[in-house]
Amino acid sequence: MKVFALVDCNNFYASCERVFDPRLKNRPIVVLSNNDGCIVARSNEVKALDIPMGVPFFEQKALIRKHDIAVFSSNYQLYGDMSQRVMDSLRRFAPDMEVYSIDEAFLRLDHLQPRDLIEYCTTIRTKVLQWTGIPVSIGIGPTKVLAKVANRVAKKQTGVFDIRDQKTQDAILKTLHVRKLWGIARRWAERLHRMGIETASQLRDASPVIIRKQLSVVGERLVRELRGQSCLDLEDVQPRKNIMSSKSFGNLLTEKAPMAEALANYAARACEKLRQQNSRAQAVYVFVQTNGFRETDAQYSNGLTCTLTVPTSDTRTIIEAAKFCLNRIYRPGYRYKKTGVMLLDLIPAALEQQHLFADSDQRPGDRLMATVDRINEDHGPDTVFFGAEGIHREWKMRCGSRSPRYTTQWNELLRVS
DNA sequence: TCTGGGGTCCTAGGACCC
DNA sequence: TCTGGGGTCCTAGGACCC
C-alpha cells in the first residue's frame, strides 16, 4: 500500500517572522499581501480572534490595534529562503518527495514499517524545528486527499496524525464538511449541497459516475481518493508553461510613462524566472486595468498579446515587446490600478526551432543576461537593472512594515548585541 | 484613503483536416 | 426530403490550489 505524508508548515509566514524575533512568541501576528492590501497569514492567536483569511487589511485596523497584533508586509525573499531550508531538511528524510507549495510537501513513506511511521514523522517534526525554527504538522494517509485530511487533524492535535485505519477515516470524514476538502471550493460545495451532499463521508459514498457528471473527472478522482484508492501520485517539478508578473501600484496612475516603468520592472522579474527554468518565450501578453472597487471612477481594462519572431529570454527584447503592447492599449483619462506581463508559449531553450530568416545562432544577449542574473544573485536583487525600469519608481507598491530580509541580504543580517 | 499575485487542469465548442 | 464519420488543435471560460 502507498503511504503519503503531507508536511505543512504551521502559519508559515508568521512562523518565519518569529524565527528572527523571539519577542513575537505568543504575540498575535498578521502578514499582509503585496501592497499591504489583504491579510494573507495569521498566527493562531489571530485565528482565535476570528479575523478571517484574505480580508482587506484596512477593515481590520481597529481590531488589530485593540489586540496589539504585530503587522508585517510580506517578505517573500525571507519566506522563499526559509521554505528552501525546510524542503532541504525534509528531503533528508524522504527523497521521494513533491514540493507542493511554499509551505507544503508530500512525502512517500511506503518503505517504513507501519508501526514506525508515527515515530519517524515525530522525528521529522523535531528535526525541522531544530534546524530551521519552523514548526510543521504531518498527516499520514493512503492517498494524497486523505493525507490532507489527516494534516488538518494533526494541526489541531499533537502535530502528527495517521488516518490509514478505516474506522478512523469513518469517524473523521463523517464530521468533515466537503468545503474543507482539498479540491472543493465554494461553487462545487454549492452544487454538492443541491445534491444533498454535505459531509466528506457522503461524498465518499456517492456514485463516482454521478459526481463525474457534476464535477468532471476531477471530482471523480476526489471520490476515489476518499475511498482510499490512490489516483494522484507525487508529481515532478515541471517547467512553467506561463510566467506572470503583475502588481498593483502603490497609488493610482494616470500617465503612461510611470506605467511603462512598472511594466518594464515586472517584465525583468518575469524574465529572471524564465531564465531560471531555462526557457524562452514565444509571445508576450500585457494588460492594464483600473480599480474596479472604485465604482464612481470610469473603468477600463484591456490586454494585448504580441508574438515574437524569435523565442527569447532577453529582458531587453521582452521589455520592448511589452512597451509595444502598452502603447496600443493605454488610453488617457483613466486612473490605473494595475498592469502586468505574461510570458507565453514557453519552450526549453535547448529545443528551440531556428527562424529561417533571423540571425539566431548567435545570442550575445545570453551572456549578458547570465551576468546580470549572477550579479543580482550574489549582491541582492536590483544591484543592476535596466534603465527602462526607472529609478524613483513612484509606482512602487506599499510595504510599510516589512521585516529585514535576514537571510538573503548582506546589509540586513540579524544583529545580536 | 486603503481591497494580492501566481499558477494549474478540465470542458465545451468552433475551425479545420481527411 | 435527404445532408458522414472520424479526428486534432485551439480558445475561452470556469473551476480549483497556495
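Each chain gets a letter, A, B and so on, in the order the sequences are listed, and its residues count up from 1. Just so it is clear, the model here is predicted, and its values are computed rather than measured.
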Taking atom types as modelled, find out whether A:Asp8 and A:Ser137 have a side-chain donor-acceptor pair closer than 3.5 angstrom. no
State, to 0.1 Å, how close A:Ile69 and A:Leu63 come at their nearest heavy-atom pair, and which atoms those are. CD1-O, 4.3 Å
Is it the case that over 12 heavy atoms from other parts of the model lie below 6.0 angstrom from the CD atom of A:Gln299?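 Atom CD in A:Gln299 is crowded, with more than 12 foreign heavy atoms closer than 6.0 Å.
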Indicate, with a heavy-atom threshold strictly under 4.0 Å, whether [X] touches base, sugar-phosphate, or nothing.
X        : value
A:Arg269 : nothing
A:Phe57  : nothing
A:Ile184 : sugar-phosphate
A:Ser74  : nothing
A:Leu181 : sugar-phosphate
A:Asn34  : sugar-phosphate
A:Arg212 : nothing
A:Glu104 : sugar-phosphate
A:Asp36  : nothing
A:Lys148 : sugar-phosphate
A:Ile243 : sugar-phosphate

Base-pairing string, 5' to 3', of DNA chain C - Watson-Crick or wobble, under 3.5 Å, | interstrand: ....||||||||||||||
Is any NZ, NE, NH1 or NH2 atom of the basic residue among [X] and [Y] found under 4.0 Å from an Asp or Glu carboxylate oxygen of the other?
X        : Y        : answer
A:Asp81  : A:Arg85  : yes
A:Glu45  : A:Arg18  : yes
A:Arg204 : A:Glu225 : no
A:Arg186 : A:Glu190 : yes

Judged by atom type as modelled, is there a donor-acceptor pair below 3.5 Å linking the side chain of A:Thr290 to the main-chain atoms of A:Tyr300? yes
Euclidean distance for P, C:dC18 against B:dT3 (whole angstrom):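 Approximately 25 Å lies between the P atom of C:dC18 and that of B:dT3.
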By nearest heavy atom, map A:Arg221 and A:Phe293 onto DNA chain B; which one lands nearer the 5' end?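 Looking at DNA chain B, the more 5' nearest nucleotide goes with A:Phe293.
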Quick check: on DNA chain B, is the nucleotide nearest A:Cys38 upstream (toward 5') of the one nearest A:Lys273, or the reverse? Name the residue that is more 5'. A:Cys38
Salt bridge (Lys or Arg N to Asp or Glu O under 4.0 Å) evaluation trace for A:Arg269 with A:Glu272: CA-CA 5 Å; A:Arg269 299 289 81 71; A:Glu272 279 173 5; 3.1 Å; yes
Of all nucleotides in DNA chain C with an atom under 4.0 Å from a non-hydrogen atom of chain A, which is the first and which the last going 5' to 3'? C:dA15 to C:dC18
